[in-house]
Amino acid sequence: MKKIMGILAMAVLSVGLVACGGSSDSAEPTTVTFSGSSSVNILMEDMEPAFEEANETIDLKVSASGSSDGIKAAQEGTVDFGMSSRDLKAEEKSGVNEETIALDGIAVVVNPNNPVQDLTLEQIASIYRGEITNWNEVGGEDLPISVVARESASGTRGAFEEILGIKDEMTTSATEFNGTGGVKSEIAQNPNAIGYISLGGLDDTVKSVSVDGAEATVEAIQAGEYAIARPFILIYQEDTLTDSAKTFLDWALSTEGQEIVAEAGFISVN
Amino acid sequence: MQSTNHKRKAIVEWIWKHLFLIMATVSIISVLTIGFFVISNGVKPFIGSSSNETIIYLEKFKATDQVKLDGELITDFKNAIGLEDGVHTLTYITSDGIEEIDITVDSKNEDPSQTVIFSDEPENSSLDETVKYTSVLTIEGKTSVLDRKISVVVPEPAYSIVDFLFGSEWKPTSQKLYGILPMIIGTLGVTAGALVLGVPIGILTGVYIAELAPKRVAQVLRPAVELLAGIPSVVFGFFGLTVIVPMIQQLFGLASGTSMLAAIIILGVMILPTVISMTATSLRAVPNYYREGSLALGATKIQTIFSVTMRAARSGILTGVVLGIGRAVGETMAVILVAGNSPQVPDSILSSVRTLTSSIALEMSYASGRHSEMLYAIGIVLFLFIVVLNVVIMRLNKKAGDH
């Protein structure tokens, strides 16, 4: 018993010492808070260590919940930056500033066993409207098409439908999954499926098809050849922006910050 | 000595009594708080419009642009400006010249396309009204980044409860249609299917465990069933997605195996533990002399089970079934993975369907404004489902108790 108490006391003491050591460091670190889109969060995970290395006194705190949530948080001023992976709706724009820090491609994906290599934008739109229902109409095998989509109000879906011009026109028989992971696992196991995911989420379990002849790559999107891309936006209030937050915004748009964007598999805005 | 003992007893008594009271209050308060929160959010779309006023918002206008609304110079482009019903004149002077547009706002108009009318569209501009109650006039700049945008957003009027409950279209983002009939049918269909599949299996298994199984077998079966109840639902869902869904797809040659049938199979298995353990427990509570009396009268073992023991345990078995319904109605994670989640009225058992709970879970994190309030309203519908179920349980118990 005594032994245990001794160990406990030691532990408490050492924790206390470490805590003291921490606070005796130079200036108190200031915190910059982020909340919103889970897609932008993927980029933030790469930006965070690079930025904190360059600015040791600034601490970034990022939480991912969803684009709408991030926009709301920025409007209410509960965070420094809201993150959104879709354009803001007119009623959401009031009272806030936006800055696009990167572009993300949306890859149209099919099962790896599907022989279809290329689709046009019109074909994709027709498939999602439910007008084309068999793969042989677009040069594939005689198999029914299973249309896979993200849930309504998802940033990825909003951007995808906007670019194709099929807002709320999608066939109601399309199956819906939440999250990139859900879409990917369905497409990986279903040879008839077609879906769309963020470019950063591409891997071997699914095959991306080229759209209008252009492969879904960072280079094609930069050259404007690949049409399906959407912005990553930071939303903030200019009047109440702290110096540290401003430092981050400048850094994110600088060459240094944009290099991280490219390294993370997204498209820089420069 | 005795008096102190007495005192101590009284104090302990007092503490316990109040502890019970406090705990009861805490649980009632927490339930009421959640109920109030869901209901207060969920009734909003049906009692009033989504906001108080029509707003106009100017975007990408530069500080050098001169914009006048009804003759008043606008200096702050960051905030939306409220617009009353009537004709407004918007004048803007940019480096490209002067333009004047009349905007007629009639937010009370029944026809959403008539609520905002731009008198004329200036050169190089386009009007976008794909999002209902929102009109966006885009004035082209030299590049798309320099496009100026004028958005007018009209408040959405109160939504009719009939359209909500019996509307068959769920298109919340731009068409602003919030019909949950497909989800109600999906929930009822999936639950009914799960009962047809799970209840006979569950009740017969429960009877076997309580009445027929050798002691050793029952000793293994009972904990196994309880273990089944403890498996997280997402594991059931994952099993369904990787095993049941591809099987259904190949068996019926479908485009996708995610379907009502897949959800029914998974839910049918998930309600088994509830039904089995309730059946077994209530059968074991039947006094032994019932069985002995029946056997003494010459009934066989099976006759005794069906005509005497199960009849005596009817109330408990029915409660098990109703609890199973509760589980099937409320199950979310497993269903999201296997049901396909299409907001359509299913035309066969192989169609992809969406349930009420899946809708909330799928869309809550991204929904905003009225869309999210509608998800709370779905919560109220679910709440009513459960209230009805509880009333049914009470009725059944009363009836069974009368005999």
Side-chain angles (χ1 to χ4, degrees), chain A residues 37-38 64-69 71-72 86 88-98 100 133-135 143-158 161-162 165-179 182 185-186 189-193 237-239, chain B residues 50-51 55 57 59 78-81 130-136 145 149 151-153 168-177 182 238 241-242 245-246 249 253-259 336-337 339-345 351-352 354 358-359 361-369 371-372:
Chain A
S37 162
S38 49
S65 46
S67 294
S68 300
D69 204 47
I71 295 165
K72 215 181 288 168
R86 60 166 168 81
L88 272 64
K89 289 179 206 146
E91 63 264 35
E92 290 172 331
K93 285 172 180 162
S94 188
V96 291
N97 302 67
E98 345 165 4
T100 305
T133 55
N134 196 305
W135 281 111
L143 285 170
I145 298 179
S146 165
V147 178
V148 178
R150 286 287 302 277
E151 74 280 10
S152 48
S154 121
T156 316
R157 171 156 163 188
E161 292 191 347
E162 174 145 18
I166 54 162
K167 264 189 199 165
D168 265 357
E169 286 174 22
M170 192 182 74
T171 167
T172 49
S173 63
T175 54
E176 295 181 21
F177 289 88
N178 54 345
S185 59
E186 166 68 3
Q189 63 96 5
N190 185 351
N192 306 328
Q237 296 188 8
E238 202 167 33
D239 311 334
Chain B
S50 59
S51 68
I55 54 162
Y57 181 73
E59 201 185 336
K78 255 179 62 187
N79 288 307
I81 303 158
T130 48
V131 177
K132 223 174 177 182
Y133 305 110
T134 304
S135 309
V136 183
V145 185
K149 283 185 181 167
S151 316
V152 181
V153 183
S168 60
E169 282 188 283
W170 175 261
K171 293 186 169 169
T173 23
S174 44
Q175 292 185 28
K176 313 284 185 196
L177 289 170
F238 198 68
L241 185 67
T242 46
V245 167
Q249 183 181 354
L254 299 170
S256 168
T258 50
S259 60
I336 284 184
L337 286 171
N341 309 319
S342 316
Q344 61 175 352
V345 177
S351 308
S352 143
R354 186 192 279 204
S358 323
S359 271
L362 275 172
E363 297 181 3
M364 204 38 134
S365 59
Y366 283 98
S368 60
H371 184 186
S372 83

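In the text below, chain A, chain B and the rest are named by the order of the sequence lines, each starting its count at 1.
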**Q** Let me know if B:Leu177 has heavy atoms under 4.5 Å from chain A in its side chain, its backbone, both or neither.
**A**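 Answer is neither: B:Leu177 stays 4.5 Å or more from chain A.
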**Q** Find the one option among B:Ala361, B:Pro246, B:Ser151 whose heavy-atom pairs under 4.5 Å with chain A are most numerous.
**A**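 When all of B:Ala361, B:Pro246, B:Ser151 are compared, B:Pro246 has the most.
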**Q** Quick check on B:Val245 against chain A: is it the side chain, the backbone, both or neither that has a heavy atom closer than 4.5 Å?
**A**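 For B:Val245, the side chain is the part near chain A, not the backbone.
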**Q** B:Ser342 side chain to A:Ala174 main-chain N or O, any donor-acceptor pair under 3.5 Å?
**A**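 Answer holds: yes.
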**Q** Where does B:Ser174 contact chain A at under 4.5 Å (heavy atoms): side chain, backbone, both or neither?
**A**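 The answer is both parts of B:Ser174.
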**Q** Could you check whether any side-chain heavy atom of A:Glu186 comes within less than 4.5 Å of a side-chain heavy atom of B:Leu241, counting everything from C-beta outward?
**A**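 Yes; the side chains approach each other to less than 4.5 Å.
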**Q** Closest approach of B:Leu337 and A:Phe177, non-hydrogen atoms and distance?
**A**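 Of all heavy-atom pairs spanning B:Leu337 and A:Phe177, the closest is O-CE2, 3.8 Å.
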**Q** Which one of B:Gly253, B:Gly369, B:Ala80 has the most heavy-atom pairs closer than 4.5 Å to chain A?
**A**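 Heavy-atom pairs under 4.5 Å are most numerous for B:Ala80.
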**Q** Between A:Asn192 (side chain) and B:Ser256 (backbone), is there a donor-acceptor pair under 3.5 Å?
**A**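 It does not hold such a pair.
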**Q** Which answer fits B:Ile81, side chain, backbone, both or neither, if we ask what part of it has an atom under 4.5 Å from a heavy atom of chain A?
**A**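 Neither part, no heavy atoms under 4.5 Å.
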**Q** Go through the atoms of A:Ser185 and report whether side chain, backbone, both or neither lie under 4.5 Å from a heavy atom of chain B.
**A**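 A:Ser185 touches chain B through side-chain heavy atoms alone.
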**Q** Is it true that B:Gln249 and A:Ser146 share a donor-acceptor pair across their side chains at a distance under 3.5 Å?
**A**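 No, no side-chain donor-acceptor contact under 3.5 Å.
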**Q** Quick one: pull up CZ in B:Arg354 and CD in A:Glu151 and give me the separation to the nearest 0.5 Å.
**A**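 It is 8.5 Å, given to the nearest 0.5 Å.
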**Q** Is a donor on one side and an acceptor on the other found under 3.5 Å between the side chain of A:Asn190 and the backbone of B:Ala255?
**A**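 Present.
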**Q** Is the shortest heavy-atom distance from the side chain of A:Gln189 to the side chain of B:Thr242 under 4.5 Å?
**A**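 A side-chain contact is absent here, since even the closest heavy-atom pair is not under 4.5 Å.
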**Q** How many angstroms lie between atom CD of A:Glu169 and atom NZ of B:Lys171, to the nearest 0.5 angstrom?
**A**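 If we round to the nearest 0.5 Å, A:Glu169:CD and B:Lys171:NZ are 8.0 Å apart.
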**Q** Counting only heavy atoms closer than 4.5 Å, note whether A:Ile145 contacts chain B via side chain, backbone, both or neither.
**A**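 For A:Ile145, the backbone is the part near chain B, not the side chain.
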**Q** Answer with side chain, backbone, both or neither: which region of A:Glu162 has an atom nearer than 4.5 Å to a non-hydrogen atom of chain B?
**A**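 For A:Glu162, no heavy atom lies under 4.5 Å from chain B.
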**Q** Quick one: what part of B:Thr134 sits under 4.5 Å from any heavy atom of chain A, side chain, backbone, both or neither?
**A**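 Only the side chain of B:Thr134 comes within 4.5 Å of chain A.
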**Q** Side chain from CB out, backbone as N, CA, C, O: work out which of these in A:Arg150 comes under 4.5 Å of a heavy atom of chain B, or both, or neither.
**A**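 Just the side chain, heavy atoms under 4.5 Å.
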**Q** Heavy-atom distances under 4.5 Å only: say whether A:Glu161 touches chain B with side chain, backbone, both or neither.
**A**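 Neither part; nothing is under 4.5 Å.
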**Q** B:Val131 versus chain A, heavy atoms under 4.5 Å apart: side chain, backbone, both or neither?
**A**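 The answer is the side chain of B:Val131.
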